[in-house]
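Whatever order the structure lists ligands and atoms in, that order sets their numbers, starting from 1.
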Amino acid sequence: MKTILVTGGLGYIGSHTVVELLQNNFHVIIVDDMSNSEKFILDNIEKVAGKRPVFFPFDLKRKELLYQVFEAYEIDGCINFAAFKAVGESQEKPLDYYENNLFSLINILQEFKARNISNFIFSSSCTVYGQADQQPIDENTPLKMPESSYGKTKQMGEEILKDFATAYKKKVSLLRYFNPIGSHPTALLGELPIGVPNNLVPYVTQTASGIREKLSIWGNDYDTPDGTAVRDYVYVVDLAKAHVKALQKLMAENSDTVIDIYNLGTGKGSSVLEVVESFERANEVKVPYQICERRAGDITIAYANADKAERELGWKAETSLDEALRTTWEWQKYLESRK
Ligand SMILES: NC(=O)c1ccc[n+]([C@@H]2O[C@H](COP(=O)([O-])OP(=O)(O)OC[C@H]3O[C@@H](n4cnc5c(N)ncnc54)[C@H](O)[C@@H]3O)[C@@H](O)[C@H]2O)c1
């Protein structure tokens, strides 16, 4: 049985991926400092997967604690989800973002180098493409330096990993997520937005449940069919499955140095208004909204060409927008039942 370190494994995408890893017979060790997650997620992972991963609650910047984990376990690979991810906050606290997202990454890579471990998967983002000149976006689309410090940590993280793979002959996979949405079908795992959500779907959900009075739609004068911004919304369980496939591919590679890059999206763009309509249809609830000024830094349109992931990983997003949004609503009801 292979042992995988999953950093940020109590977080939104991490917790879903841990379930998939456990169900595929990996031994999982989670390190998560709970800066954006809660302990009950660990219990819920066990309820869903029927197995409890090993869990260490500490900050990955603490090298000495990380060293102890690597001393205690024979680690075969890592999926590195741990990062701060709030775009707006990253503009106010850029140093915190660079320090957290990049020092953590480097600390793990140092252990990999020292112990001759390979197989590293990095959570990147479609933000590395900025406003691409063409849609859909494939992996050869030129990168543009993101405006936010958060986005820059993703682009820098990718560069660090390319250098790491090349210099030390390692296998890495850079997964560029488009817009992850939805919750586990059991309603036991999902996104825990702290404060006012940055992302559309948690905002829609909180508005439908009455936590927020109205959804703010940032601009309806974009050059898109209905004037609202278009994104590629990918269901989180589909996304989690892609990690297992990317890891299995890396582990099966014979060459010493591998740098895989995959877009993970559905290949379909949906506008903000289409998401609202889909949510209302799937859950039979109303989402009051207001049109506001465009938000600085938002791009008009981004959706993936994910053919490479299908070709090389045998992965394809399968879940519809309506179905993903139905799971989101079940998760919201679950969260409210816990209060
Ligand atoms: N959710 C998205 O829309 C999205 C899109 C593209 C990329 N990503 C990337 O995917 C990854 C996972 O995103 P998510 O939505 O699951 O985020 P999340 O905040 O739910 O999960 C991240 C987890 O990492 C933990 N963490 C953060 N810094 C840490 C540190 N220094 N030490 C230990 N634990 C730490 C947090 O407590 C949290 O549980 C992140 O790297 C994020 O940048 C997310």
Side-chain angles (χ1 to χ4, degrees), residues 5-19 29-42 44-45 53 55-63 65-66 69 78-90 93 96-108 120-129 146 148-158 161 173-184 189-195 197-203 231-237 239-240 242-243 262-265 302 304 324 328 331:
L5 172 66
V6 181
T7 74
L10 295 193
Y12 174 42
I13 308 166
S15 57
H16 289 83
T17 304
V18 167
V19 166
I29 298 170
I30 295 175
V31 175
D32 194 310
D33 65 357
M34 293 186 282
S35 53
N36 198 32
S37 51
E38 291 183 34
K39 186 73 184 293
F40 79 89
I41 295 292
L42 184 64
N44 286 8
I45 288 173
F55 172 54
F56 294 102
F58 67 82
D59 182 338
L60 290 154
K61 296 195 287 302
R62 298 195 53 192
K63 275 182 175 187
L65 297 181
L66 192 59
V69 173
C78 173
I79 308 183
N80 183 38
F81 292 103
F84 292 161
K85 64 165 181 178
V87 173
E89 185 187 62
S90 79
K93 302 177 179 172
D96 291 358
Y97 272 67
Y98 291 124
E99 183 177 34
N100 192 62
N101 296 2
L102 299 178
F103 286 17
S104 299
L105 171 65
I106 292 167
N107 288 346
I108 309 163
F120 194 96
I121 297 192
F122 178 64
S123 297
S124 189
S125 164
C126 64
T127 190
V128 298
Y129 297 113
S148 74
S149 302
Y150 163 73
K152 287 174 189 158
T153 68
K154 292 292 153 191
Q155 209 173 91
M156 290 175 192
E158 287 199 0
L161 279 162
S173 194
L174 314 177
L175 302 184
R176 295 177 180 157
Y177 314 152
F178 278 66
N179 295 69
I181 57 162
S183 307
H184 198 269
L189 304 171
E191 188 167 10
L192 285 176
I194 294 173
N198 279 288
N199 294 340
L200 174 63
V201 170
Y203 208 136
R231 297 286 183 275
D232 184 336
Y233 296 95
V234 55
Y235 181 48
V236 67
V237 177
L239 193 60
H243 290 76
Y262 296 108
N263 282 348
L264 299 178
T328 300
W331 167 246

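- Minimum heavy-atom separation, Gly182 to Thr328: CA-OG1, 3.2 Å.
- The CD1 atom of Ile79 sits 11.5 Å away from the CD1 atom of Ile13 when rounded to the nearest 0.5 Å.
- Between the OG1 atom of Thr7 and the CZ atom of Phe56 there is a distance of 14.0 Å, given to the nearest 0.5 Å.
- Heavy-atom contacts of Asp59 reach the following atoms of ligand 1: 30 (C), 31 (N), 32 (N) (cutoff under 4.0 Å).
- In this structure, Ser124 counts as a contact residue of ligand 1, since one of its heavy atoms falls inside 4.0 Å of the ligand.
- Those atoms of ligand 1 with a heavy atom of Ala82 less than 4.0 angstrom away are 24 (O), 26 (N), 29 (C), 34 (N), 35 (C).
- Taking Asn36 as the reference, nothing meets the side chain to side chain donor-acceptor pair (under 3.5 Å) condition, with sequence neighbours excluded.
- Taking CG of Asp96 as the reference point, atom CZ of Phe84 lies at 6.5 Å (rounded to 0.5 Å).
- Protein heavy atom nearest atom 15 (O) of ligand 1, with residue, atom name and distance: Lys85 NZ, 2.7 Å.
- By the criterion of a heavy-atom distance under 4.0 Å, the backbone of Met34, and not its side chain, is placed next to ligand 1.
- In terms of protein heavy atoms, atom 33 (C) of ligand 1 is closest to Asp33 N, 3.3 Å.
- Contact annotation: the side chain of Lys154 approaches that of Phe122 to within less than 4.5 Å [non-hydrogen atoms, C-beta and beyond].
- Every atom of ligand 1 with a heavy atom of Ser123 under 4.0 Å away is listed here by number and element: 9 (C), 10 (O), 11 (C), 41 (O).
- Within the 4.0 Å heavy-atom shell around ligand 1 one finds Lys154.
- When heavy-atom distances to ligand 1 are checked against a 4.0 Å cut-off, Phe58 comes that close only through its backbone atoms N, CA, C and O.
- Between Leu60 and ligand 1, an N or O atom pair is found at a separation short of 3.5 Å.
- From the protein, the heavy atom lying nearest to atom 21 (O) of ligand 1 is Gly11 CA, 3.4 Å.
- Proximity of Leu192 to ligand 1, defined as any heavy-atom pair under 4.0 Å, is not found for any part of the residue.
- Shown in contact with Gly8 at under 4.0 Å from a heavy atom are these atoms of ligand 1, numbered in order with element: 23 (C), 24 (O), 25 (C).
- Phe81 O, 3.3 Å is the protein heavy atom nearest to atom 11 (C) of ligand 1.
- Protein heavy atom closest to atom 19 (O) of ligand 1, with residue, atom name and distance, is Asn36 ND2, 2.7 Å.
- Ligand 1 lies within reach of Asp32, whose nearest heavy atom is under 4.0 Å from it.
- Checking Tyr177 against Ser123 by side-chain atom types alone, a donor-acceptor pair falls below 3.5 Å.
- At least one heavy atom of Asn100 sits less than 4.0 Å from an atom of ligand 1.
- Between the CD1 atom of Ile108 and the SG atom of Cys78 there is a distance of 4.5 Å, given to the nearest 0.5 Å.
- Leu105 contributes atom CG, which lies 12.0 Å from atom CE of Met156 (distance to the nearest 0.5 angstrom).
- The shell of residues lying under 4.0 angstrom from ligand 1, judged by heavy atoms, excludes Phe103.
- Residue contacts with ligand 1 for Ser104 involve side-chain atoms from C-beta outward but no N, CA, C or O (heavy atoms, distance under 4.0 Å).
- Here is the list of ligand 1 atoms found below 4.0 Å of a heavy atom in Ser125: 6 (C), 7 (C).
- Contact check for Phe120 versus Leu161: side-chain heavy atoms found under the 4.5 Å cut-off.
- Looking at ligand 1, you'll find an N or O of Ser35 within less than 3.5 Å of one of its N or O atoms.
- Counting the atoms of ligand 1 from 1 in the order shown, those under 4.0 Å from a heavy atom of Asn199 are 3 (O).
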- [ ] Given ring-ring contact (aromatic ring centres under 6.0 Å, His included), test His243 with Phe81 step by step and report yes or no.
- [x] CA-CA 11 Å; His243 290 76; Phe81 292 103; 5.0 Å; yes

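- What sits closest to atom 16 (O) of ligand 1 on the protein, heavy atoms only, is Ile13 N, 2.8 Å.
- In terms of modelled atom types and a separation under 3.5 Å, the side chain of Tyr150 and the main chain of Ala83 share no donor-acceptor contact.
- Judged by distance alone, the side chains of Lys61 and Asn107 never bring a donor and an acceptor atom under 3.5 Å apart.
- In terms of protein heavy-atom proximity, atom 20 (O) of ligand 1 is nearest to Tyr12 N, 2.8 Å.
- Protein heavy atom in closest approach to atom 43 (O) of ligand 1: Tyr150 OH, 2.6 Å.
- The aromatic rings of His16 and Tyr12 stand perpendicular to each other, their planes meeting at an angle above 60°, with 30° marking the opposite boundary.
- With sequence neighbours excluded, the residues forming a side chain to side chain donor-acceptor pair (under 3.5 Å) with Arg176 are Tyr129, Glu158, listed by chain and number.
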